[in-house]
Amino acid sequence: MRTALFDWLLARKTGGEFILRIEDTDRSRYVPTAVDDLYASLRWLGLDWDEGPDVGGPHAPYVQSERLDLYQAAAAHLIASGNAYECFCTPERLDEMRNRQRELKQPTGYDGRCRSEEGRAEAKREAGADARHVVRFLMPDAGETNVLDLLRGEVSFQNARLDDSVLLKSDGFPTYHLAVAVDDHEMAISHVIRAEEWLPSAPLHKLVFEALGYELPNFVHVSRILGSDRAKLSKRHGAQSVLEYRDQGYLPDAVFNFLGLLGWSLDDKTEVISRDEFVQHFSIERLIKSPAVFDLEKLNWMNGHYLRSLPPEDVTGLLKEWLERPEAAGGLPDQVERPLDFDYTLRLVPLVRERVKLLSEARDMMAFFYLPDGVEPDPTMLLGKAFAGEPRRAADLLSEALVLAEGVEDWTAASLEAAYRALAEQQGVRAGDLFMLIRVATTGRSVAPPLFETMELVGRERCVLRLRLAINLL
RNA sequence: GCCCCCAUCGUCUAGGGGACUAGGACGCCACCCUUUCAAGGUGGAGACAGGGGUUCGAAUCCCCUUGGGGGCACCA
């Protein structure tokens with residue numbers, strides 16, 4: 001997704017087209033839902049495409065499994081021009097060959113048996129009646145191939161070290177190497193931005209393009225993203241799909257910003273960059289060549305930052321959608337009536353947004369605002385450090401607090417604070433201790449937004465009720 | 001085993017011969033603010049992997065070493 005983001009930025013910056021092509025040429029790994037997840041991921045991040053399977057375009061179809069005739073024709077053309085040959089070697093033989101090479105500490109690679117007429121005949125005989133074949137590229141034995149990478153400059157490879165790679169598999173499907181050459185040409189691709197693991201096969205691609213008489217696109221091999229252990233980010237190494245980040249309460253803008261800064265920078269100080277600014281300033285020259293370690297802490301910070309700086313109405317909408325989900329799906333307790341009141345939630349946002357980094361954290365922080373009745377505080381928590389072993393004292397104080405709650409003239413944070421500060425002084429108790437007692441009684445939590453704003457928003461009725469219940473608890 | 005890429009604070013990065021006592025951000029520490037928790041403010045610790053060159057002058061250019069990453073499939 002980070003690579004796609006760079007692709008998208010380049011397209012938007014230069015007025016080009018961002019084309020979505022589905023590369024599904026490996027039937028053994030085909031997962032039907034994968035494409036839907038891909039769409040959902042791109043959409044969530046706001047990476048819209050100009051051409052693709054669902055929106056169509058002048059180069060349809062955009063799904064490789066629907067373009068097989070094109071690849072097969074290209075393969076035939078390569079054979080005819082002497083740039084490729086049929087290979088009848090069985091997978092078993094190739095496995096054995098590789099194992100032997102590894103054992104002997106030799107470079108691995110195809111030995112070229114089927115390059116010759118005799119070799120092919122021998123392989124065919126071994127394979128038996130149901131002999132199937134692949135098409136391999138005939139790699140030159142000498143010379144070197146220089147690939148121009150817009151980020152890294154010229155990278156040169158000795159052809160002798162390069163393998164006769166398979167271009168067309170025995171099931172008639174192309175490998176990536178053939179398919180991209182054909183499609184990049186057919187679809188008039190100008191820039192190929194892909195991760196650096198493709199760099200070693202770039203010379204092959206260049207030679208395939210040339211053998212087919214195609215013009216070469218521009219290549220940019222961006223660095224990888226590493227896990228915190230510096231190994232490649234994978235399912236087992238803390239990698240998550242963007243959909244999982246979405247489900248954990250990250251904001252698309254924050255993830256976009258964070259990803260955009262992983263391998264690219266605007267200048268020496270800017271961290272928070274809007275989508276528009278990214279588009280405006282993106283350039284291949286400022287991409288970074290070295291791999292970047294994915295720092296979840298920074299993503300979390302950035303998410304919190306976006307939560308705090310977005311317009312309150314936007315945050316309210318986000319929050320409301322989240323809280324209204326079923327309890328089992330991360331929403332408020334099911335007893336809370338849906339839909340939530342927008343204006344009430346809007347009033348809570350300033351108090352809550354400073355205290356959460358993820359949308360998913362808001363539920364626990366906010367539930368007591370929505371719960372209709374009591375909050376069932378734990379008695380130990382209620383007494384806290386200040387009143388541990390002194391339940392009578394705590395109960396007395398809460399009773400005084402209850403009287404004030406019932407009697408205070410206007411139910412505002414300011415007058416509540418004045419009343420309770422006076423009470424603390426009169427009772428000879430530290431204000432903070434009294435406030436904590438009331439906080440736990442009215443919210444059920446020892447960590448909550450500032451007490452008096454909180455009480456104002458919880459309302460007199462429920463505060464009175466909750467104070468009463470707390471007293472009974474002691 | 002062979003090939004390729006990369007190398008500045010723990011992490012993301014600025015830097016493309018003199019502006020560098022190497023800047024910013026996350027994280028960390030301290031202080032301030034403070035009714036809890038945050039947020040915010042101020043300050044601090046913290047890096048040019050090593051060795052050779054080139055140059056009047058190297059974080060910046062070249063080479064070697066080391067380290068890290070990737071590739072060597074009828075996967076992409």
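Remember, predicted model here, so these are calculated numbers, not experimental data. Chain letters run A, B, ... following the sequence lines, proteins first and then strands; every chain starts at 1.
Atom CG in A:Leu178 sits about 14 Å away from atom P in B:C74, given to the nearest Å. The separation between A:Gln101 atom CD and B:G71 atom P is 19 Å, rounded to whole Å. One interatomic measurement links the two molecules: CZ of A:Phe294 to P of B:G68, which rounds to 23 Å at whole-angstrom precision. Taking atom CG on A:Asp171 and atom C1' on B:C74, their separation rounds to 7 Å, with Å as the unit. When rounded to the nearest whole Å, the span between CG of A:Leu451 and C1' of B:U35 equals 7 Å.
One P atom belongs to B:A59, the other to B:C20, and the distance between them is 13 Å to the nearest Å. Rounded to whole Å, the P atom of B:C31 lies 14 Å from the corresponding atom of B:C37. Between B:G41 and B:C5, the distance separating the two P atoms is 44 Å to the nearest Å. With both ends at atom P, the span from B:G40 to B:A25 equals 12 Å, rounded to whole Å. Of the C1' atoms belonging to B:G43 and B:C48, the separation is 25 Å, rounded to the nearest Å. B:C72 and B:U21 have their P atoms separated by 46 Å, with the value rounded to a whole Å. With P as the reference atom, B:U11 and B:G52 are 26 Å apart, rounded to whole Å.
Residue contacts for A:Ser265: at a heavy-atom cut-off of 4.0 Å it reaches the sugar-phosphate backbone alone, with no base atom in range. Residue A:Arg308 is classed as a sugar-phosphate contact, given heavy-atom separations below 4.0 Å to backbone atoms only. Within 4.0 Å (heavy atoms only), A:Arg152 reaches sugar-phosphate atoms of the nucleic acid but no base atom. Residue contacts for A:Arg27: at a heavy-atom cut-off of 4.0 Å it reaches no nucleic acid atom on any strand shown. Counting any heavy atom pair closer than 4.0 Å across all strands shown, A:Arg98 reaches sugar-phosphate atoms only and no base atom. Residue A:Thr108 is in base contact, counting any heavy-atom pair closer than 4.0 Å across all strands shown. Using a 4.0 Å heavy-atom distance criterion, A:Arg194 is classed as making no nucleic acid contact. Residue contacts shown for A:Ile288 are limited to sugar-phosphate atoms, with no base heavy atom under 4.0 Å away. Counting non-hydrogen atoms under 4.0 angstrom, A:Gly304 reaches nothing in the nucleic acid.
Side-chain contact, A:Thr33 with A:Asp36: no donor N or O sits under 3.5 Å from an acceptor N or O. A donor and an acceptor atom, one from each side chain of A:Arg439 and A:Ser446, are nowhere located under 3.5 Å apart. In the model, A:Ser28 has a side-chain atom that pairs as donor or acceptor with a side-chain atom of A:Asp26 under 3.5 Å. Residues A:Gln240 and A:Gln248 have side chains that bring a donor and an acceptor to within less than 3.5 angstrom of each other.
For A:Phe282 and A:Phe6, the distance between ring centers is under 6.0 angstrom. Proximity of the aromatic rings of A:Trp49 and A:Tyr39 is defined here by a centroid distance below 6.0 angstrom, and this criterion is met. For A:Trp198 and A:Phe219, the ring centers are positioned 6.0 Å apart or more. In this structure, the ring of A:His205 has its center less than 6.0 angstrom from the ring center of A:Tyr176. Residues A:Tyr250 and A:Tyr306 keep their aromatic ring centres 6.0 Å or farther apart.
The side chain of A:Arg161 has B:C3 as its nearest neighbour among B:A39, B:G15, B:C3. Comparing B:G1, B:A76, B:U11 against the side chain of A:Thr175 picks out B:A76 as the nearest. The side chain of A:Lys105 lies closest to B:G1, out of B:A7, B:G1, B:A14. Checking B:C3, B:C74, B:U35 against the side-chain heavy atoms of A:Phe157 singles out B:C3 as nearest. Residue A:Val155 has its side chain nearest to B:C4 when only B:A76, B:C4, B:C12 are considered. Distance from the side chain of A:Arg439 is smallest to B:U35 among B:G15, B:C74, B:U35. Considering only the side chain of A:Val293, B:U11 comes nearest among B:G71, B:U35, B:U11.
In this structure B:G1 sits in a base pair with B:C72, meeting the Watson-Crick or G-U test at under 3.5 Å. Partner assigned to B:A7 is B:U66, using Watson-Crick or G-U wobble distances below 3.5 angstrom. Pair check for B:C28 finds B:G44; Watson-Crick or G-U wobble, both atom distances under 3.5 Å.
Each of A:Ala448 and A:Leu168 was matched to the nucleotide of RNA chain B holding its nearest heavy atom; the match closer to the 5' end belongs to A:Ala448.
Ring geometry for A:Phe278 against A:Phe256 counts as perpendicular: the plane angle is over 60°, on a 0 to 90° scale with 30° as the lower cut.
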Write out a two-atom table: protein N or O, nucleotide N or O from nucleotides 43-51 of chain B, distance below 3.5 Å.
none

Mind listing the N/O atom pairs, protein and nucleotides 20-24 of chain B, below 3.5 Å?
unit_1 : atom_1 : unit_2   : atom_2 : d
B:G23  : N2     : A:Asp268 : O      : 2.8
B:G24  : O2'    : A:Lys269 : O      : 3.4
B:G24  : N2     : A:Glu271 : OE2    : 3.0

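Heavy-atom contacts from other residues, nucleotides or ligands closer than 6.0 Å to NZ of A:Lys124 number 12 or fewer.
In this structure, A:Arg355 does not reach the B:U36 phosphate: none of its side-chain N or O atoms is under 4.0 Å from OP1 or OP2. The side chain of A:Lys289 places no N or O atom within less than 4.0 Å of a non-bridging phosphate oxygen (OP1 or OP2) of B:G16.
Looking at A:Lys357 and A:Glu361, no side-chain N of the basic residue comes within less than 4.0 Å of a carboxylate O on the acidic one, giving no salt bridge.
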